[in-house]
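Report on the following structure.
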2 protein chains.
Amino acid sequence: MATGREIAQLCGVSVATVSRVFNQPETVNEETRDRVLRVANELGYQPNESARALSTKQSTMIGLVWDTDHRRPGWRHPYLQDLLIGLKSALSAHGYHLLMLATSGDAREVGASLADPVAYVNMTRRHHLGGLVLIDSGSDAEAFEAFAQSGVPCVALDVAVDGPRATYVTSDNAGGAQSAVRHLAGLGHTRIATITGPPGNQPSAARVSGYRKGMLEAGLEMRDEYVVAGDFYRPSGTAAAQRLLALDEPPTAVFAASDEMAVGALLAARAAGVRVPQDLAIVGFDDIEIAAVVDPALTTVAQDKPGFGVAAAKAIMAMITGAGQEEPVVLPTRLVVRQSCGA
Amino acid sequence: MATGREIAQLCGVSVATVSRVFNQPETVNEETRDRVLRVANELGYQPNESARALSTKQSTMIGLVWDTDHRRPGWRHPYLQDLLIGLKSALSAHGYHLLMLATSGDAREVGASLADPVAYVNMTRRHHLGGLVLIDSGSDAEAFEAFAQSGVPCVALDVAVDGPRATYVTSDNAGGAQSAVRHLAGLGHTRIATITGPPGNQPSAARVSGYRKGMLEAGLEMRDEYVVAGDFYRPSGTAAAQRLLALDEPPTAVFAASDEMAVGALLAARAAGVRVPQDLAIVGFDDIEIAAVVDPALTTVAQDKPGFGVAAAKAIMAMITGAGQEEPVVLPTRLVVRQSCGA
DNA sequence: CGTTTCACCGTAAGCGGTTACATAGACCCT
DNA sequence: AGGGTCTATGTAACCGCTTACGGTGAAACG
């Protein structure tokens, strides 16, 4: 590995000049600059990032907090891959790397640890990370708040946080839900139910409120028994749908707060001999891969998946360079109409 | 941020002793060790990893090479999330972090870059990475070979590589395919076709050879027209199935080298009025989430998804510490029987 | 009692960069 | 000619930690 010193010697200049060539090129004479660059190139010079970080007290790395919650072992992010594609791509464009932090030095089981803010913040300092990107692992709102308050620049995904250098990006959950209900009402449905996410979950709450707004907007009656709680998992969708179908006056349409639960509802309907969409229209949320494949294909509220990552990347970079509070980002959603709503 | 020097002063020892407390605890007197640890704890001391890496010439980071191939924009890894869970978990347990490298400083579009081995290897040196984990992005066999030859410890996933400090982990693709064919033959099928992956893809080739072995084992006739090429994507499965169904003597069963193509075949059958599994049995490969949800649910060869990550982690750590060539890891597969095969 | 051994710890030289400050020369001005 | 400016570069301190080497004092030995 060639070092700056070697280059300096070969070029007959000092290490300071070599450093300047790469950091403040305009301050060094064109001729010597070219000479240094040429030699550096020949030797395949790669500046030592550790030395650099030590000296400048900053690195080009962003931490990624993505822990699987041991209380929800089967939890999978609905679109992690697209999210990462967007995130990595936007960060890469500005020279940032993504560091997936290891915190529990002694975790024995696969995916057995829960995000410990203190451990992550410590890691952030150790590595001089520019900031953190927090991926919702299903139930970490409290932990995320601790991150936000730590003073480390961070942006949370799908969880509203507040802190001196913290912000978040989320979909327009209320708007998406509202558009789903509007669509169903437009198809003539009056008895529209909803299956919610787990209590305390923010996107879920926003989707419920969107549902409410949609019902209000359409002048439809709101019944308590039409709002039944799920947990985003498929089985809870099945259970909820069974409950709804057993009502004296069952709904003719249901908006599920996740595609997984919508699929669960689909299975419940199928098992009960209820035809979808003729007897029961179903709309989901997320637009996961499965949505397009089930039969009937699921109408759903699509989120801008790579856009999530891109927005997070921009936000974190803005907080690092701008060094201030940033406005939360709310991404638009899009209703993808397929067969399950009967349109 | 407390530094080692501060701790040293407060404890009335030298920085060397502080360093020893954390790196070779046995060489320092118990009393002073406790004193140092207590003070360090009180100050929330976090050793500066940059300084550490600079001094020791090694970091605790492993690079992750995961580029989306611009030639295959829609490509998604069939089980990235589970893979990462296993990988991160196993690495974390040994204190390693995963660094998702950014190489193309000027990539403008989302997911527009292809792995450039040189850039990655350079990054590896800059950051003193222990090694690299290479995720198959669909068509990078050549690039992977360049990695393997670079001398950087690396383990490739699903691509066989050979190098001084390189190895790979893959599923028992041949065995899995063979078990699929065996299962179909056991159900009485004699006309069994296969839909392959893209030419040059190693797992695909292994699956074809497993198919051949399975046919041979069952004493079944092998026909060239029963082996039709796809590209792992769903549409190619549809096209292939259409081709197969149009034959004078269409197969009664088909083994697809990916679940996506199996789903495509399913759609083709449905469109052609061919009943699955009565008229056509279908078996896929991967056991992606969709497999359990399509109708009929897909019988498929399941891979050990988190196991992939765990094996990769172990392999790369072994190469780093052991510093030698490691044996390739072949993970067992498991036939998951659902409805699409008619069993 | 002189000598050896050993546990413990300090000294200081790096690791490879960055950067404040100093210096040297070229140029322009009065 | 003396002084001021500006550009281009060198000098050296520093970032925080690791580690080879050497020193000190107490215990063990002959």
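Given the structure is predicted, the values throughout are model-derived calculations rather than measurements. We name chains A, B, ... by the order of the sequence lines, and we start the count at 1 in each one.
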Can you tell me the distance, in whole Å, between the [atom1] atom of [X] and the [atom2] atom of [N]?
| X | N | atom1 | atom2 | result |
| --- | --- | --- | --- | --- |
| A:R126 | D:dC17 | CZ | P | 10 Å |
| B:Q24 | D:dC17 | CD | P | 15 Å |
| B:L54 | C:dG14 | CG | P | 14 Å |
| A:N23 | C:dG16 | CG | P | 17 Å |
| A:H128 | D:dC15 | NE2 | C1' | 8 Å |
| A:R52 | C:dT18 | CZ | C1' | 9 Å |
| B:E6 | D:dG16 | CD | C1' | 11 Å |
| A:H127 | D:dG16 | NE2 | P | 16 Å |

Look at the side chain of B:S55 and decide which nucleotide, out of C:dG14, C:dT19, C:dG16, has an atom nearest to it. C:dG14
Between the protein and nucleotides 10-12 of chain C, which nitrogen or oxygen pairs come in under 3.5 angstrom?
from: C:dG10; atom 1: OP2; to: B:S14; atom 2: N; distance (Å): 3.0
from: C:dG10; atom 1: OP2; to: B:S14; atom 2: OG; distance (Å): 2.9
from: C:dG10; atom 1: OP2; to: B:T17; atom 2: OG1; distance (Å): 2.5
from: C:dG10; atom 1: N7; to: B:R20; atom 2: NH2; distance (Å): 2.8
from: C:dG10; atom 1: O6; to: B:R20; atom 2: NH1; distance (Å): 3.0

Kindly write out the residues that satisfy side-chain hydrogen bond (donor to acceptor under 3.5 Å, both in side chains) with [X], not counting sequence neighbours, or none if the list is empty.
| X | result |
| --- | --- |
| A:R125 | none |
| A:Y168 | none |
| A:T124 | none |
| B:D304 | none |

Regarding B:R126 and A:Q46, do their side chains bring together a donor and an acceptor under 3.5 Å, going by distance alone? yes
Those residues of residues 25-39 of chain B lying under 4.0 Å from DNA chain D by at least one heavy atom: none
Rounded to 10°, the angle between the first-five-pair and last-five-pair axes of the helix from C:dC1-D:dG30 to C:dT30-D:dA1 is 50°
Would one find a side-chain N or O of [X] under 4.0 angstrom from OP1 or OP2 of [N]?
| X | N | value |
| --- | --- | --- |
| A:N48 | C:dG17 | no |
| A:S19 | C:dT18 | yes |
| A:K57 | D:dG16 | yes |

With sequence neighbours excluded, what pairs up with [X] under the side chain to side chain contact (heavy atoms under 4.5 Å, CB included) test?
| X | value |
| --- | --- |
| B:E326 | B:T167, B:A318, B:M319 |
| A:E42 | A:R38 |
| B:D34 | B:E30 |

Just wondering, are more than 12 heavy atoms of other shown residues or ligands nearer than 6.0 Å to CD in B:E26? yes
Please identify each residue that fulfils ring pair (Phe, Tyr, Trp, His ring centres under 6.0 Å) with A:H128, with sequence neighbours left out. none
Review item, side-chain donor-acceptor pairs of residues 15-23 of chain A, under 3.5 Å, at least two apart:
from: A:T17; atom 1: OG1; to: A:S14; atom 2: OG; distance (Å): 3.4
from: A:S19; atom 1: OG; to: A:N23; atom 2: ND2; distance (Å): 3.3
from: A:N23; atom 1: OD1; to: A:R52; atom 2: NH2; distance (Å): 2.4
from: A:N23; atom 1: ND2; to: A:S19; atom 2: O; distance (Å): 3.0

Any side-chain heavy atom of A:L129 within less than 4.5 Å of one from A:S59? yes
Within the structure shown, what part of the strands sits under 4.0 Å from A:F22 by heavy-atom distance: base, sugar-phosphate, or nothing? nothing
